[in-house]
Amino acid sequence: MTEPLVAHRRQLREDIRQRRRDLGPVQRIAGANTIAERLLALPFAPQQGHVAGYWAMDGEIALHAWQLNLPSSCTYCLPVLNGEQLAFAPWRPGDPLGSNRYGIPEPAATPATLLRPQDMALVVAPLVAFDASGARLGMGGGWYDRSFAFRRNGPAPPWLVGVGFELQRLDCLQAAEWDVPMDAVCTDTRTYDMTRQTSNKDAP
């Protein structure tokens, strides 16, 4: 990646993260509830298996409404840093949490309970920015791109879905060669389903 592109992505992150932080609590709660409905309505939303969310930080979309309405045969998981990749561990409200190197809560899991990225049915990923083609700009650590590199040229599962506010959408996001695209992105106003090559403004 060239230095101008690195600098451009860094500035994008700063600008859009601030824009996201500026949202009020009413917009945040309404957005989270709408996005939960959109996640549950995805045509490939699993009815069983392990699904992963994340612990919302820095103005990210909270996923409690989605977690609480998952099918009973789905097991909700949170990411755990495991070497230079992500692993996943089942978690329910009230289960113990620790903090990783970034200060983000993660389940107090043992190695025996960790699940590989390949073991997941669906993974919901936070994002800083995205475009309608499914390109995703994260925080810059590359965790999701490294962990799901096998999805660049391989089929789902796991299905990869980004979530964010519509204000985080860009007309065109220049992807790096290692970026893993999303199968869909759900926002507070639209569902962008790349598996259907459409954006559906009126989807639930």
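Just so you know, these numbers use all the heavy atoms, side chains as well, and skip hydrogens, waters and symmetry mates.
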What side-chain donor-acceptor pairs closer than 3.5 Å can you find for residues 71-83, not counting sequence neighbours?
{"residue": "Ser73", "atom": "OG", "partner": "Gln47", "partner atom": "O", "Å": "2.3"}

Any donor-acceptor N/O pair, [X] side chain to [Y] backbone, under 3.5 Å:
X      : Y      : value
Arg146 : Glu84  : yes
Trp91  : Asp95  : yes
Asp188 : Glu166 : yes
Thr187 : Thr189 : yes
Asp145 : Asp179 : no

Not counting sequence neighbours, list each pair that qualifies as a salt bridge (charged side-chain N to carboxylate O under 4.0 Å, His left out) and has a residue in [range].
range          : result
residues 66-82 : none
residues 61-75 : none
residues 44-73 : Arg17-Asp58, Arg20-Asp58, Arg21-Asp58

Which pairs pass side-chain hydrogen bond (donor to acceptor under 3.5 Å, both in side chains) with one or both residues in residues 114-131, sequence neighbours excluded?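 Only Arg116-Asp119, Asp131-Ser133 qualify under side-chain hydrogen bond (donor to acceptor under 3.5 Å, both in side chains).
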Contact between [X] and [Y] at the side-chain level, heavy atoms closer than 4.5 Å - yes or no?
X      : Y      : answer
Tyr102 : Met139 : no
Phe44  : Asp193 : yes
Trp55  : Leu97  : yes

Might you point out which heavy atoms bring [X] and [Y] nearest each other, and give the distance in Å?
X      : Y      : answer
Met120 : Val51  : CE-C, 3.7 Å
Ala89  : Leu114 : CB-CD2, 4.1 Å
Gly138 : Val128 : O-CG2, 3.5 Å
Leu127 : Gln168 : O-NE2, 2.9 Å
Ile16  : Leu170 : CD1-CD2, 3.9 Å
Gly134 : Met194 : CA-CE, 3.5 Å

If the condition is side-chain hydrogen bond (donor to acceptor under 3.5 Å, both in side chains), which residues does Asp22 pass it with, not counting sequence neighbours?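 By the side-chain hydrogen bond (donor to acceptor under 3.5 Å, both in side chains) rule, Asp22 matches Gln18.
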For [X], which residues count as a side chain to side chain contact (heavy atoms under 4.5 Å, CB included) partner, sequence neighbours excluded?
X      : result
Pro111 : none
Asn33  : Ile29, Ala65
Thr110 : Ala112, Thr113

Which residues share a ring pair (Phe, Tyr, Trp, His ring centres under 6.0 Å) with Phe130, sequence neighbours left out: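 Phe130 satisfies ring pair (Phe, Tyr, Trp, His ring centres under 6.0 Å) with Tyr192 only.
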Residues two or more places apart in sequence or in another chain: which of them pass salt bridge (charged side-chain N to carboxylate O under 4.0 Å, His left out) with Glu14?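 Here no residue qualifies.
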Using a 3.5 Å cut-off and no angle test, enumerate the donor-acceptor pairs between side-chain atoms of residues 147-159 and protein atoms at least two apart in sequence or in another chain.
{"residue": "Ser147", "atom": "OG", "partner": "Leu86", "partner atom": "N", "Å": "2.7"}
{"residue": "Ser147", "atom": "OG", "partner": "Trp143", "partner atom": "O", "Å": "2.7"}
{"residue": "Arg151", "atom": "NE", "partner": "Gly154", "partner atom": "O", "Å": "3.0"}
{"residue": "Arg151", "atom": "NH1", "partner": "Pro158", "partner atom": "O", "Å": "2.7"}
{"residue": "Arg151", "atom": "NH1", "partner": "Asp183", "partner atom": "OD2", "Å": "2.8"}
{"residue": "Arg151", "atom": "NH2", "partner": "Asp183", "partner atom": "OD1", "Å": "3.1"}
{"residue": "Arg152", "atom": "NH1", "partner": "Trp178", "partner atom": "O", "Å": "2.7"}

